[in-house]
Amino acid sequence: MTRGTVPAGANAPASDLALPLRAFRALRTFVHVFAGIATTTFVFPFATPSRRRALTQRWSRKLLRVLHVDLRLQGAPPPAGGNLLIVANHVSWLDIFVLNALHPVRFVAKAELGRWPIAGSLIRGAGTLFVERTRRRDTHRVNRTVAEALARGDVVAVFPEGTTSDGAGLLPFKSSLLQPIIDAKGTVQPLALRYRDVTGARTAAAAYVGDDTFMASFWRVCGVRSLQVEAIALERIASGDQHRRSLARAAEAAIRAALL
């Protein structure tokens with residue numbers, strides 16, 4: 001996950017919770033994360049793919065409850081079948097768990113995430129596909145792996161902006177990670193993510209941008225009384241014989257319009 005810069009006026013809100021409540025929420029989250037690591041280490045190797053997906057979805061939904069994040073879906077949920085590429089805007093590290101709460105997916109992510117302490121073990125265990133973006137040939141390798149996963153019926157998710165933002169706007173989509181869905185002759189599901197506070201106003205509390213460390217961002221989320229995240233499922237796009245650039249532009253335009 002690469003972080004974007006902080007736009008003017010996007011300062012994060014102060015904590016809503018007293019320190020003891022904030023610390024208790026953080027502790028509950030750590031306990032839940034370690035339970036997830038134990039599951040991916042000791043249960044996943046012996047579980048069927050459908051069982052792993054069910055466990056991932058249940059774990060992600062509970063994480064959102066622990067952090068008091070209210071997930072609200074607009075539009076039809078992603079279909080149960082696979083050969084689907086979910087394309088979403090990228091605001092926060094929470095986005096990963098929001099998408100998995102909606103539908104268990106395999107992510108394409110920068111290799112650095114797999115080297116994170118604690119969380120890296122969880123991300124690796126969930127079947128994330130890592131790419132060394134500084135190595136051009138590695139993108140081709142990952143694209144082949146993703147195309148094979150899609151053809152097997154997996155649902156894969158990407159964040160084509162290549163970085164996070166505060167959620168107020170959208171950066172141009174990079175098209176390279178959309179090539180596998182064309183090769184697999186599958187479908188793209190554009191998904192717009194928008195975070196709001198308890199009043200319904202857009203908030204940057206969940207944003208992971210600028211010089212934020214992961215722990216600083218996590219601590220800020222723990223201090224917010226509650227968050228709402230809107231996941232807006234837009235009309236699916238058949239990849240057909242499209243070029244990846246036209247497919248990226250179509251998905252970007254749909255998400256940009258939904259965020260207005």
Side-chain angles (χ1 to χ4, degrees), residues 1-17 22 25-26 29 60 63-64 66-75 86-102 105 107-110 112-113 116 119 123 133 157-175 177 189-234 248-249 251-260:
M1 183 186 302
T2 304
R3 284 165 288 162
T5 56
V6 182
N11 293 331
S15 173
D16 293 334
L17 298 182
R22 193 179 192 182
R25 186 179 292 180
T29 305
S60 298
L63 177 70
L64 297 183
V66 168
L67 290 171
H68 289 245
V69 177
D70 180 20
L71 172 56
R72 301 184 179 185
L73 174 65
Q74 296 182 29
I86 295 178
V87 173
N89 60 310
H90 200 8
V91 180
S92 172
W93 50 271
L94 276 171
D95 299 345
I96 296 170
F97 309 110
V98 167
L99 295 189
N100 267 322
L102 288 172
V105 300
F107 284 92
V108 178
K110 293 186 68 175
E112 298 93 283
L113 269 68
W116 278 7
I123 294 168
R133 291 189 180 175
V158 296
F159 300 113
E161 290 171 286
T163 186
T164 54
S165 73
D166 74 329
L170 194 66
L171 299 171
F173 279 10
K174 296 176 172 61
S175 64
L177 292 179
Q189 170 71 78
L191 193 75
L193 298 177
R194 182 163 51 201
Y195 289 83
R196 297 187 183 277
D197 61 21
V198 291
T199 70
R202 186 185 68 81
T203 178
Y208 181 42
V209 293
D211 295 328
D212 252 358
T213 64
F214 172 76
M215 289 306 299
S217 175
F218 168 71
W219 185 240
R220 183 171 63 247
V221 169
C222 287
V224 178
R225 187 171 301 279
S226 66
L227 285 170
Q228 298 173 6
V229 55
E230 295 177 347
I232 307 168
L234 303 163
R249 284 196 296 269
E252 179 186 335
I255 292 174
R256 189 181 301 278
L259 292 175
L260 291 178

Mind checking side chain to side chain donor-acceptor pair (under 3.5 Å) for R72 and listing every partner two or more places apart, or none if nothing turns up?
D70
From the list F214, F159, F107, ring pair (Phe, Tyr, Trp, His ring centres under 6.0 Å) partner of W93 resolves to F214
Considering all heavy atoms of both residues, which atom of I255 and which atom of P190 are nearest to each other, and what is their separation?
CG1-CB, 4.0 Å
dist L193:CG -> E230:CD (nearest 0.5 Å) comes out at 10.0 Å
Report yes if the side chains of V198 and D16 come closer than 4.5 Å at any heavy-atom pair, otherwise no.
no
Main-chain N/O of D197 paired with T203 side-chain donor or acceptor, under 3.5 Å
no
For A248 versus S175, what's the shortest heavy-atom pair and its separation?
CB-CB, 3.8 Å
Any idea which heavy atoms bring G167 and V91 closest together, and the distance?
CA-CG2, 3.8 Å
Over all heavy atoms of both residues, which pair between R202 and A168 is shortest? Give the atoms and the distance, please.
CZ-CB, 3.5 Å
Indicate the atoms forming the closest heavy-atom contact of S60 with A101, along with that distance.
CB-N, 3.8 Å
For R225, does its backbone N or O pair with a side-chain atom of R25 as donor and acceptor, under 3.5 Å?
yes
Pairwise distance CG(L234) to CG(L191) - rounded to 0.5 angstrom:
7.0 Å
Between the CZ atom in R196 and the OG atom in S226, the distance rounded to the nearest 0.5 Å is 13.5 Å
Interatomic distance, CG@L99 vs CD1@I86, rounded to 0.5 Å, equals 6.0 Å
Examine the side chains of D166 and Y195 and answer whether a donor and an acceptor come within less than 3.5 Å of each other.
no
Rounded to the nearest 0.5 Å, what's the gap from CG on L102 to CZ on F97? Could you check?
13.5 Å
Backbone N or O of E161 within a donor-acceptor pair of the K174 side chain at under 3.5 Å?
yes
Is V229 close to L227 at the side-chain level, that is, under 4.5 Å between some pair of heavy atoms?
no
side-chain contact (heavy atoms from CB on, under 4.5 Å) partner of H90, chosen from D95, L171, V209
D95
Report the distance from atom OG1 of T164 to atom CG of N89, rounding to the nearest 0.5 Å.
11.0 Å
Check the pair F173, V87 against side-chain contact (heavy atoms from CB on, under 4.5 Å), reporting the backbone distance first and the verdict last.
CA-CA 10 Å; F173 279 10; V87 173; 3.6 Å; yes
How would you list, by chain and number, every residue that makes a side chain to side chain donor-acceptor pair (under 3.5 Å) with N100, sequence neighbours excluded?
none
For a 4.5 angstrom cut-off between non-hydrogen side-chain atoms, does L67 reach V224?
no
Would you find a donor on one side and an acceptor on the other, under 3.5 Å apart, between the side chain of S92 and the backbone of A206?
yes
What one should report as the nearest heavy-atom pair of S165 and A207 is O-CB, 4.0 Å
Taking the side chain from R194 and the backbone from A258, do they hold a donor-acceptor pair closer than 3.5 Å?
yes
